[in-house]
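Each remark here refers to the structure printed beneath this line.
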Amino acid sequence: SIEGNFTTSLCGLTFNNLQAVVVDHCGILGWMRQGVLFLDTILSEMKDSIVTVCGSNGIPGERGGDGYAAVEIDSNNVNGSGGGLVGSTCWTWLNNSLTNNTSAAAGLRIDRTGPVTIIGGTSEGSKGPFIQISSKTDTASGAGEIFISGLDLEESDTSTQSDHFIDIGY
């Protein structure tokens with residue numbers, strides 16, 4: 001279990017510029033920003049894990065103004081500014097659960113990444129959409145080649161939910 005304190009803990013797990021990262025059978029709880037953040041990773045996966053009470057809506061105009069998803073896959077190298085990779089490639093989700101992330105901008109956010117494979121699991125209880133794809137306005141390369149199979153998307157409390165399950169584009 002990887003636990004934050006809900007109010008001052010920023011990000012649970014951050015992986016930056018790594019290959020073959022595997023998050024397996026983890027419980028990630030109570031992070032103000034992302035529970036798990038993958039930046040510029042190759043052949044990485046998250047499986048049989050639960051992320052709960054993570055993410056936030058953010059404040060427009062500030063860093064993170066578009067908020068933080070419970071789990072994000074993205075690039076730290078915006079538009080090739082830092083050399084090397086631009087985005088993550090070959091990211092896989094296997095049977096994870098995103099639940100009770102009621103302050104999160106989204107359950108799962110995928111930007112500047114592809115291909116992505118999502119098989120099984122659930123996403124419920126996010127204030128924003130359960131899955132947000134290509135949400136950034138500052139990039140020419142969005143997300144591509146996304147395959148989703150057997151993912152359960154549920155609304156557990158309609159008073160705190162977004163009006164849609166999957167959001168594509170900014």
Side-chain angles (χ1 to χ4, degrees), residues 1-7 9-57 67-76 85 87-135 142-157 160-162 164-168:
S1 178
I2 300 162
E3 296 184 22
N5 68 8
F6 305 102
T7 57
S9 302
L10 295 181
C11 186
L13 295 171
T14 301
F15 303 102
N16 191 2
N17 203 21
L18 295 171
Q19 180 175 337
V21 171
V22 178
V23 176
D24 188 3
H25 287 85
C26 290
I28 298 150
L29 165 72
W31 297 92
M32 286 179 56
R33 293 185 181 172
Q34 304 89 343
V36 184
L37 175 60
F38 294 86
L39 295 170
D40 301 309
T41 62
I42 301 173
L43 297 168
S44 295
E45 67 181 51
M46 185 170 163
K47 62 183 181 178
D48 300 318
S49 295
I50 184 168
V51 178
T52 187
V53 194
C54 294
S56 66
N57 278 327
Y68 300 97
V71 175
E72 291 190 29
I73 306 95
D74 197 359
S75 176
N76 201 26
L85 293 174
S88 294
T89 59
C90 301
W91 189 84
T92 303
W93 158 296
L94 297 170
N95 201 39
N96 297 291
S97 177
L98 302 179
T99 184
N100 199 28
N101 296 298
T102 54
S103 295
L108 174 64
R109 179 181 284 164
I110 304 164
D111 285 300
R112 298 176 278 241
T113 299
V116 172
T117 302
I118 299 171
I119 300 174
T122 184
S123 183
E124 62 182 357
S126 297
K127 189 169 187 85
F130 298 122
I131 300 175
Q132 195 173 46
I133 300 168
S134 296
S135 70
E145 301 101 21
I146 297 176
F147 172 79
I148 301 172
S149 177
L151 179 65
D152 181 21
L153 303 175
E154 299 179 15
E155 281 188 325
S156 55
D157 178 2
T160 63
Q161 300 301 310
S162 172
H164 50 283
F165 290 129
I166 299 175
D167 186 14
I168 301 173

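All values reported here derive from a predicted model rather than from experimental measurement.
- No side-chain heavy atom of M32 sits under 4.5 Å from any side-chain heavy atom of S56.
- Among L18, N16, N17, the single residue meeting the side chain to side chain contact (heavy atoms under 4.5 Å, CB included) criterion with L39 is N16.
- N101 contributes a side-chain N or O that, together with a main-chain N or O of V51, makes up a donor-acceptor pair within less than 3.5 Å.
- The minimum heavy-atom distance linking N57 with A104 is given by the pair OD1-O, 3.9 Å.
- Considering SG of C90 and CG of L43, their distance stands at 5.0 Å, rounded to 0.5 Å.
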When you look at V36 and F15, which way does the side-chain contact (heavy atoms from CB on, under 4.5 Å) test go after all the steps? CA-CA 8 Å; V36 184; F15 303 102; 4.1 Å; yes

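- L153 is listed as a side-chain neighbour of I166, based on a closest heavy-atom distance under 4.5 Å.
- When all heavy atoms are compared, the tightest approach of M46 to S49 is CE-CB, 4.1 Å.
- Within the 4.5 Å cutoff, no side-chain heavy atoms of I110 are placed close to those of Q132.
- Summarising the geometry, atom CG belonging to N96 is positioned 10.5 Å from atom NZ belonging to K47; distances are rounded to the nearest 0.5 Å.
- When side chains are defined from C-beta on, R109 does not count as touching I133, because their heavy atoms never get closer than 4.5 Å.
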What pairs of donor and acceptor atoms, side-chain ones from residues 115-123 against any protein atom, are under 3.5 angstrom apart with sequence neighbours left out?
{"residue": "T122", "atom": "OG1", "partner": "D152", "partner atom": "O", "Å": "3.0"}

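- Between L37 and the choices V71, I73, T14, the side chain to side chain contact (heavy atoms under 4.5 Å, CB included) rule is met once, by T14.
- Using cut-offs of 30° and 60° on the angle between ring planes, the pair F38 and W91 is perpendicular.
- The closest side-chain heavy-atom distance from L98 to L108 is below 4.5 Å.
- When all heavy atoms are compared, the tightest approach of S88 to T41 is OG-N, 3.0 Å.
- Take N5 and apply the side-chain hydrogen bond (donor to acceptor under 3.5 Å, both in side chains) test, not counting sequence neighbours, and it matches T8, S9.
- Minimum heavy-atom separation, E45 to L94: OE2-CD1, 4.1 Å.
- Residues W31 and I2 form a side-chain contact, since some pair of their non-hydrogen atoms from C-beta on lies under 4.5 Å apart.
- In this structure, the separation between SG on C11 and CD on Q34 is 4.5 Å, given to the nearest 0.5 Å.
- In this structure D48 satisfies the side-chain hydrogen bond (donor to acceptor under 3.5 Å, both in side chains) test together with N95, sequence neighbours excluded.
- Closest approach of I28 and C54 over heavy atoms only: O-SG, 4.1 Å.
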Could you go through I131 and I148, starting from their C-alpha distance and side-chain angles, then the distance that decides it, and tell me whether this counts as side-chain contact (heavy atoms from CB on, under 4.5 Å)? CA-CA 11 Å; I131 300 175; I148 301 172; 4.1 Å; yes

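- The ring pair (Phe, Tyr, Trp, His ring centres under 6.0 Å) search around W93 returns none, not counting sequence neighbours.
- The two atoms that bring T99 and E124 nearest to each other are OG1-OE2, 2.9 Å, heavy atoms only.
- Scanning for side-chain hydrogen bond (donor to acceptor under 3.5 Å, both in side chains) contacts around T52 gives an empty result, with sequence neighbours left out.
- Here E3 pairs with S1 under the side-chain hydrogen bond (donor to acceptor under 3.5 Å, both in side chains) rule; sequence neighbours left out.
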